[in-house]
Structure formats: structure tokens, C-alpha cells
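Residue numbers start from 1 in every chain, and the chains themselves are labelled A, B, ... in the order their sequence lines are given, proteins ahead of strands. The basis for the numbers below is simple: all heavy atoms, side chains too, and nothing from hydrogens, waters or symmetry mates.
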There are 2 protein chains.
Amino acid sequence: MKKSSTTESLILHAAERIFFLRGFDGARMQEIADEASINKALLHYYFRSKERLFDAVFEAAVSRLLPPVLSVLHLELPLREKITAFVEAYFTTVLENPFLPGFIVHELQRNPAHFRAVIAARRIDVLETLKMQLHEGAESGIWRRISAEQFMLNLFSLCAFPFVARQGMQALSGKNDHEYLLLLEERRTLISGWVLDMLRPETVNVK
Amino acid sequence: MKKSSTTESLILHAAERIFFLRGFDGARMQEIADEASINKALLHYYFRSKERLFDAVFEAAVSRLLPPVLSVLHLELPLREKITAFVEAYFTTVLENPFLPGFIVHELQRNPAHFRAVIAARRIDVLETLKMQLHEGAESGIWRRISAEQFMLNLFSLCAFPFVARQGMQALSGKNDHEYLLLLEERRTLISGWVLDMLRPETVNVK
DNA sequence: GTCTATAAGCAGATAGAC
DNA sequence: GTCTATCTGCTTATAGAC
């Protein structure tokens, strides 16, 4: 019992590292077994098939990212603080699992239905609260009018893309791993300001 | 001669569709052959191996995206127009090849050296010109001080992420393909404004 | 150049001993 | 529960006819 539970999570963690790195198609059961220091047969004993093992990893991955990050969007918070909270939650989670965004993004492409199913099962509705809040802010003239969808895209893009396309951005900027991490830490403190800049009314337009 | 050239490009286009959709590991030579309405043997006759065929596709993909998009960053243009030109170039190119960004991003992860090699071969330096321009703008007080790296990340993120994570964003927003395309067209007109907002000096801070 | 047929190797999955 | 050994099918790649 105890033994089985630890082996199961041992496998899960090994599978996670491999799947995160290589995706479903690129991963080999043998490599996962090696990573867990066991043999292939045990993988099948615990998870029956590669697909089921992957599903378990994907489910765990989504569970690790979405709840902490999306839940803040529903909090009773002024927009300004909500944005900061979101960015903080995102960077905290993702800096601990740098391959998570790329992994999810790739699976999004490989099997769109998979993610949809997970979202549907969790009854996630990110936009509902945001829509109201943005609408109110626009009515009272505090914030510029913007659709919740575009706002969400902006927020997600600024946070996620630097992780998703990390290798490309490092290649273009010539930064090594350490320097790029510093860049990311800097972003963490800057993004919420930028997002608010985009929301500022255009009244005092330059020129 | 003529025959071989058309077959070669027939294969290349078929391979592109399949590789774009499934990535290197997920693609099957058989499926590419079917897509081109030929047989597997011909693929090897023309490209010798799956890997070489993929390289050809990747090279072509990078060639289609980077030059038109990055070249505008070197033009002798005021920052304001440069940003608009970049966004226009990006959306024009990518709306014609919607899977291009996801394909490149995935390959970035699968084989980082591959992209580095392509960049190095082309002697691409995006930041050089930008650095100067941003520095000047900051000195003269027109624009806020920001590193060229963060600026590039912002611009790229806002443009690329909506394509890269399209399936996820559609799932979260509940938009269908058509509605999402409209959203993208709207972004095309909005992004440069947002990027400029992020550059506005903070002097007239709200509250 | 293009095809059919086949080789060679590998990956996922199972059988069965311990 | 964990292992070794093995099966089965698929995938890339080649041989060779036309």
C-alpha cells in the first residue's frame, strides 16, 4: 500500500519530467522507466498504457497551473491589485515548473479536445467576472474600454510567451540561462504596470 | 527536370502541412506521402531521410517568418511607425500560415540548437538598432526607459501568443474559429497602440 | 522518376517467474 | 509489486522492377 503509492508517484514524477521535455510523441516509455529507475513493465502495471500515463501527467500539470492562476481573476479585488496578484501567481508557479507552459501549449495543438475537456470538467469561466469589472471601470471612466478577451490575451501573452518561446528569445537576445532568468524576474515586477498602461484612458494622448 | 522540381515542391508542401500540424515526432512519412499523393519511397528518393525532410521544412518556415518580420526592426523609421509595421508584417505573414508560430515554438523546445544554428547562419541581430532607438527616445524624454529585450518580448508576446495558444484561448473564451479570427483581426489594429502605451512616460500617472 | 515489396529496428504492451 | 523475456505491430529506410 505505502509501497505502491510511492512507486506510483515516483513514476508520475519521472513521466512528468520526460513528457514536459519531449511531449507525448517524443517521449519513450523506456526513458521514463530509466528516469524512475524501474523497468517498462511497471509503468504498464500502474498505468496500463502510455496514453493513460500521459493523461495523468497532463491532468496534474493543468491542476498545478490553472487553479492558482485563474482563481485570482475571480477574487473581489480592484483591477489594479488583481493584475498584480495574477502575475505573481503565474511567475511563482511557472518559475518552479519552467517547462509547464510549453508542455501545455504543445498539447493544446496536438489534441485540442483534451484541454477543452479538462476546462469543461472544471467549469472554469475566467471571463465572467472580468467582463463586469472592465465594464464598470470603463463606465466610470477610470479605465479604457477593452474587451475581456483582449485583456485576458494581453495578460496571458506577456506572462506566458517568454517561457513558451524561451529558447528562441535567448537565441535572439544572446542571453544565457542565468541572464534570461534575471530578465524574467525583472518582467515579474514590470508586467502589471504595463497592463495598467494599456488600460489608461487615452485622454492625454501624446501628439 | 521540370518534373522533379514540381514533385520536390509537392513533397515539401505536403510535408509542411503535416509537420506543422504534428511536429517532427508526431508526423509519419506515410501520412506525408498520402498528403502528397505519392508513396513513401519517393520521399526518401528526394530527401533521403525524415530528418532531412524536416530540416528543409523548418528552414523554409523560418525563412518565411523571420525576414519579413525582423527586417522592419532595422528600418529607418520612427519607433511609432516601426511598431505598426512590425505588427502588420507579423499578422500578414502568420494569418496566411496560422500554424507557423506553434510549429517553430515546438521545435524550439525539441531542438534548441536547430534554431540557434539558423539564427547564427543568418547573422540576425534584432536588438542592435532597437537599443539605440529606445535609448535616444528615453534620453529625449519622449519614451519611457525600457530595455530592448523587454520591449522585444512585449511586442513578440502580444503578437505571437494568441496564435501559439490559440486552442487554449478559444477554450477559455468559448469562441469558435470564426469569432476568434475576428478577435485576431481586432488585435492587429490594437497592438501597436498598446505597445506605445507601455512606452509612454509615467509622468501623468493616474491617482 | 516512380512504383511495389521487404528489410531492419524499435516501441508499446503482455506473459509469466519470483 | 517487481522483474526478465518476448510478442506484435508499426516506422523508417532500402532493394529492385519498371
Side-chain angles (χ1 to χ4, degrees), chain A residues 1-61 99 103 106-107 109-111 113-114, chain B residues 1-61 99 103 106-107 109-111 113-114:
Chain A
M1 273 297 147
K2 186 67 186 306
K3 190 75 170 298
S4 101
S5 153
T6 61
T7 304
E8 185 168 329
S9 84
L10 179 74
I11 292 174
L12 222 41
H13 282 81
E16 190 173 291
R17 285 191 289 277
I18 303 301
F19 279 134
F20 275 22
L21 212 58
R22 313 214 185 285
F24 179 81
D25 294 316
R28 296 291 159 249
M29 293 296 267
Q30 183 61 58
E31 195 180 2
I32 295 174
D34 292 346
E35 179 80 15
S37 305
I38 55 168
N39 56 66
K40 283 187 297 178
L42 259 200
L43 299 181
H44 287 93
Y45 176 80
Y46 278 97
F47 291 91
R48 260 236 337 262
S49 73
K50 182 184 181 184
E51 201 141 355
R52 280 171 189 265
L53 176 54
F54 181 84
D55 285 351
V57 168
F58 186 70
E59 172 67 27
F99 290 102
F103 170 71
H106 177 57
E107 179 62 6
Q109 169 88 343
R110 192 187 75 94
N111 184 4
H114 199 176
Chain B
M1 273 300 146
K2 186 67 187 301
K3 188 76 170 294
S4 99
S5 154
T6 63
T7 303
E8 184 169 329
S9 85
L10 180 74
I11 292 175
L12 221 41
H13 282 82
E16 188 173 292
R17 286 191 289 277
I18 302 302
F19 279 134
F20 275 23
L21 213 58
R22 311 212 186 287
F24 179 81
D25 295 315
R28 296 291 158 250
M29 294 295 267
Q30 182 61 59
E31 195 180 2
I32 295 173
D34 293 347
E35 179 81 15
S37 306
I38 54 167
N39 57 67
K40 284 184 297 177
L42 260 200
L43 300 181
H44 287 94
Y45 175 80
Y46 278 95
F47 292 91
R48 264 242 329 269
S49 73
K50 182 182 180 184
E51 201 139 356
R52 279 171 189 266
L53 176 53
F54 181 85
D55 285 351
V57 169
F58 186 69
E59 172 65 27
F99 290 102
F103 169 71
H106 177 58
E107 180 62 6
Q109 169 87 344
R110 191 186 75 94
N111 185 1
H114 200 175

Roughly, in whole Å, what's the span from [atom1] in [X] to [atom2] in [N]?
X	N	atom1	atom2	value
B:Leu42	D:dT14	CG	C1'	14 Å
B:Arg22	D:dT11	CZ	P	12 Å
B:Glu8	C:dT2	CD	P	11 Å
B:Arg52	D:dA13	CZ	C1'	13 Å
B:Phe47	C:dG1	CZ	C1'	14 Å

Find out whether A:Leu21 and A:Arg17 are in side-chain contact, i.e. whether some heavy atom of one side chain is under 4.5 Å from a heavy atom of the other.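 A:Leu21 does not reach A:Arg17 side chain to side chain.
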I'd like to check B:Phe24 versus B:His106 (side-chain heavy atoms, cut-off strictly below 4.5 Å). Are they in contact? no
Short question: side chain of A:Asn39, backbone of A:Leu42 - any donor-acceptor pair under 3.5 Å? yes
Reading 5' to 3' through nucleotides 4-18 of chain C, protein heavy-atom contacts under 4.0 Å coded B for base, S for sugar-phosphate only, - for none: B------SBBBB---
Using the six-membered ring wherever Trp is involved, compare the ring planes of B:Phe54 and B:Phe19 and label them parallel, tilted or perpendicular (cut-offs 30° and 60°). perpendicular
Under the side chain to side chain donor-acceptor pair (under 3.5 Å) rule, collect the residues that match up with B:Gln109, sequence neighbours excluded. none
Counting only side-chain N and O atoms of B:Thr7, is one of them less than 4.0 Å from OP1 or OP2 of C:dT2? yes
Which distance, rounded to the nearest 0.5 Å, do you find between the OH of B:Tyr46 and the OG1 of B:Thr7? 4.0 Å
What does B:Ile38 touch in the nucleic acid at a heavy-atom separation under 4.0 angstrom: a base, only the sugar-phosphate, or nothing?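 Here B:Ile38 touches the backbone only, sparing every base.
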